[in-house]
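Below: one structure, written as structure tokens.
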Amino acid sequence: MGMLLDEIIEAMPVFAKELVAGGVAGGFAKTVVAPLERVKILFQTRRDEFKSVGLFGSFKKISHTEGIMGFYRGNGASVARIVPYAALHYMTYEQYRRWIILSFPDNGRGPVLDLVAGSFAGGTAVLLTYPLDLVRTKLAYQIVSSSKANINGVIGMELVYKGIRDCFSKTLKESGLRGLYRGVAPSLYGIFPYAGLKFYFYEEMKRHVPEEHKKDIVVKMVCGSVAGLLGQTFTYPLDVVRRQMQVQRLSVSNNAELKGTMETLIMIMQKQGWKQLFSGLSINYLKVVPSVAIGFTVYDIMKASLRVPSRDVIEAVTDKRNSQPSLHS
């Protein structure tokens, strides 16, 4: 069995290994922080029940009304989205990085390379997986009461969507294919700088780590934590705008006109105040630190397990290819 596994790993192309490593890293990290993600979405979309109770009050309320599984409402859609998203994100980052080196060999290998490659990788992954993110948000937005809470007099709301497939079909029926991409504009505005900055800070911090400590898991987690923290801070308001756009159909009458990115941003500032653009940020810090740290760390571990050649080896091959004289010269 071990020999068969070795043969399979050896036969896999590098991009396939990077896809697998990225998918495992994303799914594992997302599941760990799923309860914080649920509370964050409820904070961002200003459910009346969660405006004043705060972080610990929100955890208590969800536990009381929905039970432990309430913390994972929408997590199935979230993992279904994050596995292909993370797989594409990490893999396309590596591919874009190699393509830039191959196409522009004189531009150097500094942090700008990671910034550009990370930005384009983030945009590519978002476009290909956005409908799953929309479904995850709609499912997480719903609040239902457990049977125990109903007995105690806590009234829940009827589920609009009963699962991932039901949410997909109803969204398509109500709004068409365009409805599955509602809120994608602020997602792209946010992901380009966020993904770029995340890879930029992570790779830049690793460059300053002594060679003998570069494989330490703790060092990788610290680098990933700081990278996620800095990247998220700069782009968080756009995440709030995106969430509110995604649930507008659930929070307004069917006849109400749905707002675009700038209209939603202005509406939030006028009606809810500029502080709402940072609502849930403290929770997001608690989520982003372990999520990005775990993601980068598991990705590096998976690459080593799948025997992906180091970047130095791959880039040396690329440099050799660039230095070879052209047949037409």
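No side-chain heavy atom of Glu203 sits less than 4.5 Å from a side-chain heavy atom of Leu113. Using a 4.5 Å heavy-atom cutoff, the side chains of Leu277 and Ile268 are in contact. Taking the side chain as every heavy atom from C-beta outward, His89 and Lys198 approach each other to under 4.5 Å. Looking only at side-chain heavy atoms (C-beta outward), Tyr72 and Arg38 stay at 4.5 Å or farther from each other. Within the 4.5 Å cutoff, side-chain heavy atoms of Arg98 are placed close to those of Val14. Between Val240 and Leu265 there is no side-chain heavy-atom pair separated by less than 4.5 Å. With contacts defined as side-chain heavy-atom distances shorter than 4.5 Å, the pair Lys17/Ile9 qualifies. Contact check for Val126 versus Tyr85: side-chain heavy atoms found under the 4.5 Å cut-off.
Ile8 and Leu19 fall into different hydrophobic clusters, where Ile, Leu, Val, Met, Phe, Trp and Tyr side chains are chained together by heavy-atom contacts under 4.5 Å. Ile266 and Leu238 fall into different hydrophobic clusters, where Ile, Leu, Val, Met, Phe, Trp and Tyr side chains are chained together by heavy-atom contacts under 4.5 Å. Phe201 and Val219 are members of different hydrophobic clusters when ILVMFWY side chains are connected at heavy-atom separations under 4.5 Å. Under the 4.5 Å side-chain heavy-atom criterion for Ile, Leu, Val, Met, Phe, Trp and Tyr, Phe15 and Val308 are members of distinct hydrophobic clusters. Criterion: ILVMFWY side-chain heavy atoms under 4.5 Å apart, direct or through other members. Under it, Met91 and Val79 are not part of a common hydrophobic cluster.
Under the 3.5 Å distance criterion, the side-chain polar atoms of Lys30 are left unmatched by any main-chain donor or acceptor of Ile82. Judged by distance alone, with hydrogens and angles left aside, the side-chain atoms of Tyr181 form a donor-acceptor pair with the main-chain N or O of Leu127 at under 3.5 Å. A distance-only check finds a donor-acceptor pair linking the side chain of Tyr130 to the backbone of Gly183 [under 3.5 Å].
Within 6.0 Å of OH in Tyr189 there are 12 or fewer heavy atoms belonging to other residues, nucleotides or ligands. Atom CE of Met267 has more than 12 neighbouring heavy atoms from other residues, nucleotides or ligands inside a 6.0 Å radius. Heavy atoms of other residues, nucleotides or ligands lying less than 6.0 angstrom from NZ of Lys214 number more than 12. At most 12 non-hydrogen atoms from other residues, nucleotides or ligands lie less than 6.0 angstrom from CZ of Phe28.
Of all heavy-atom pairs between Leu180 and Leu172, the closest is CD1-CD2, 3.6 Å. Summarising the geometry of Thr171 relative to Cys167, their closest heavy-atom pair is OG1-O, 2.7 Å, with the distance given to 0.1 Å. Nearest heavy-atom pair across Ala293 and Met221 is CB-O, 3.2 Å. Between Pro290 and Val33, the shortest heavy-atom contact is CG-CG1, 3.8 Å. Nearest approach of Cys223 to Val209, heavy atoms of both residues: SG-CG2, 4.3 Å. Here the closest non-hydrogen pair linking Tyr90 and Ala25 is CE1-CB, 4.5 Å.
Taking the six-membered ring where the residue is Trp, Phe104 and Trp99 present perpendicular rings, their angle passing 60° and hence far from 30°.
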Apply the test side chain to side chain contact (heavy atoms under 4.5 Å, CB included) to residues Leu230 and Met205: give CA-CA distance (whole Å), side-chain angles for both, the deciding distance (0.1 Å), then the verdict. CA-CA 12 Å; Leu230 293 173; Met205 288 185 68; over 6 Å; no

Output, in order, the C-alpha distance, side-chain angles, deciding distance and verdict of side chain to side chain contact (heavy atoms under 4.5 Å, CB included) for Glu66 and Phe71. CA-CA 8 Å; Glu66 301 182 60; Phe71 292 109; over 6 Å; no

For side chain to side chain contact (heavy atoms under 4.5 Å, CB included), just list the numbers for Thr235 and Phe192, CA-CA rounded to whole Å, side-chain angles, deciding distance to a tenth of an Å, and then say yes or no. CA-CA 9 Å; Thr235 60; Phe192 269 96; over 6 Å; no

Between Tyr194 and Asp239, does a side chain to side chain contact (heavy atoms under 4.5 Å, CB included) hold up when you go through it step by step? CA-CA 11 Å; Tyr194 172 65; Asp239 191 44; over 6 Å; no

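To the nearest 0.5 Å, atoms CG (Leu134) and OG1 (Thr129) are separated by 11.5 Å. Note that CD of Glu204 is 12.0 Å distant from NZ of Lys206, once rounded to the nearest 0.5 Å. Between the CG atom in Leu5 and the CG atom in Leu306 there is a gap of 8.5 Å [rounded to 0.5 Å]. Annotation: the span from Asp300 atom CG to Ser305 atom OG amounts to 10.5 Å, rounded to 0.5 Å. Gln244 CD to Thr264 OG1: the interatomic distance, rounded to the nearest 0.5 Å, is 7.5 Å.
Between Phe296 and Phe199, the ring centre distance stays below 6.0 Å.
A donor atom on one side chain and an acceptor atom on the other are found under 3.5 Å apart for Thr233 and Tyr285.
A salt bridge is defined here as a Lys NZ or Arg NE, NH1 or NH2 lying under 4.0 Å from an Asp or Glu carboxylate O, and Asp6 with Arg307 meets this definition. Glu174 and Arg182 are not joined by a salt bridge, as no carboxylate oxygen comes within less than 4.0 angstrom of a charged side-chain nitrogen.
Contacts classified as salt bridge (charged side-chain N to carboxylate O under 4.0 Å, His left out) and involving residues 112-122 (residues at least two apart or in different chains) are given here: Arg97-Asp114, Asp114-Arg207.
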